[in-house]
Amino acid sequence: MFFKIIDTISETTGRLISCLVIILTLILSYEIVARYVFGAPTKWVFDTSYMLGGTFFLMGEAFTLKHKQHVRIDILYGRFSKRTRAAIDVFFYLVLFFPLWLGILYALIPYVAFSWEMGEKSMQGYWQPVIYPFKTVMPIGVGLFLLQGLAEFCRSLLILIKGEDALSQAKEA
């Protein structure tokens with residue numbers, strides 16, 4: 001049940017957020033036509049595009065982890081047994097993944113809170129839209145990524161301790 005809930009959250013979020021690619025494509029297409037056909041570039045497309053692209057990237061991390069699509073160097077890893085791969089995964093989740101992403105989440109909370117307090121605006125382009133809603137996406141995306149990481153860690157730990165069959169038994173429960 002634990003795995004199913006987290007996987008459902010990651011799957012649903014990933015599928016919903018993938019719609020941003022369509023919106024981003026339409027916005028960039030509009031800018032190209034406005035700029036090169038009508039000679040009237042927009043003020044807002046640059047800021048909107050990096051906010052949508054960043055949101056897509058951050059909110060899609062958990063979905064990508066769930067589907068094991070993150071870049072991985074598996075010259076040797078793919079040749080190991082499931083139990084050995086689980087041991088490697090457990091080790092790296094504990095040594096790299098959790099410390100790094102928990103540290104990032106810890107740093108993001110005051111960063112985003114300060115942005116809200118000051119009503120921060122973007123200084124990237126001359127349109128200068130409010131940026132704090134976009135910055136709020138950062139800890140949400142990292143939180144979802146950590147949640148999916150926790151599920152993956154628990155799966156690996158279950159395989160390491162109880163063997164390959166334990167995961168299929170956990171799915172049935």
Heavy-atom closest contact ([X] atom, [Y] atom, distance):
| X | Y | answer |
| --- | --- | --- |
| D89 | S156 | CB-OG, 3.5 Å |
| K135 | S115 | CD-OG, 3.6 Å |
| Y132 | G119 | CE2-CA, 3.6 Å |

Flag if over 12 foreign heavy atoms under 6.0 Å of CZ, F2: yes
Heavy atoms from other residues, nucleotides or ligands near OH of Y77 exceed 12 (cutoff 6.0 Å): yes
Hey, are the side chains of [X] and [Y] touching, using non-hydrogen atoms and a 4.5 Å cut-off?
| X | Y | result |
| --- | --- | --- |
| T25 | Y30 | no |
| V45 | W127 | no |
| Y111 | M138 | yes |
| F38 | V33 | yes |
| W44 | P129 | no |

Does [X] use its side chain to pair, donor to acceptor, with the backbone of [Y] at less than 3.5 Å?
| X | Y | value |
| --- | --- | --- |
| E31 | T42 | yes |
| R83 | I161 | yes |
| S10 | D7 | no |

Return the [atom1] to [atom2] distance between [X] and [Y], rounded to the nearest 0.5 Å.
| X | Y | atom1 | atom2 | value |
| --- | --- | --- | --- | --- |
| L105 | L100 | CG | CG | 11.0 Å |
| F56 | I22 | CZ | CD1 | 10.0 Å |
| F80 | I88 | CZ | CD1 | 4.5 Å |
| F134 | L52 | CZ | CG | 9.0 Å |
| T13 | L144 | OG1 | CG | 5.0 Å |
| L108 | I140 | CG | CD1 | 11.0 Å |

I would like to know whether I6 and Q148 meet side chain to side chain contact (heavy atoms under 4.5 Å, CB included); could you show each step before the answer? CA-CA 6 Å; I6 294 174; Q148 187 64 44; 3.5 Å; yes
Salt-bridge test for K66 and E152: reply yes if a basic N is under 4.0 Å from a carboxylate O, no otherwise. no
[Y] reachable from [X] in the ILVMFWY side-chain graph, under 4.5 Å edges:
| X | Y | result |
| --- | --- | --- |
| V21 | M51 | yes |
| F57 | I131 | yes |
| V112 | Y106 | no |
| V130 | F46 | yes |
| L58 | L16 | no |

Ring pair (Phe, Tyr, Trp, His ring centres under 6.0 Å) partner of F153, chosen from F97, W101, F98: F98
Without hydrogens or angle criteria, can the side chains of [X] and [Y] be said to hold a donor-acceptor pair below 3.5 Å?
| X | Y | value |
| --- | --- | --- |
| E11 | H67 | yes |
| S81 | T84 | yes |
| S122 | Q128 | no |
| Y126 | K43 | no |

Where do L146 and L150 land on the side chain to side chain contact (heavy atoms under 4.5 Å, CB included) test, with the steps shown first? CA-CA 6 Å; L146 278 163; L150 178 63; over 6 Å; no
Check the pair F145, T64 against side chain to side chain contact (heavy atoms under 4.5 Å, CB included), reporting the backbone distance first and the verdict last. CA-CA 9 Å; F145 190 46; T64 306; over 6 Å; no
Distance under 6.0 Å and angle within 45° of ring axis: R15 vs F63: no
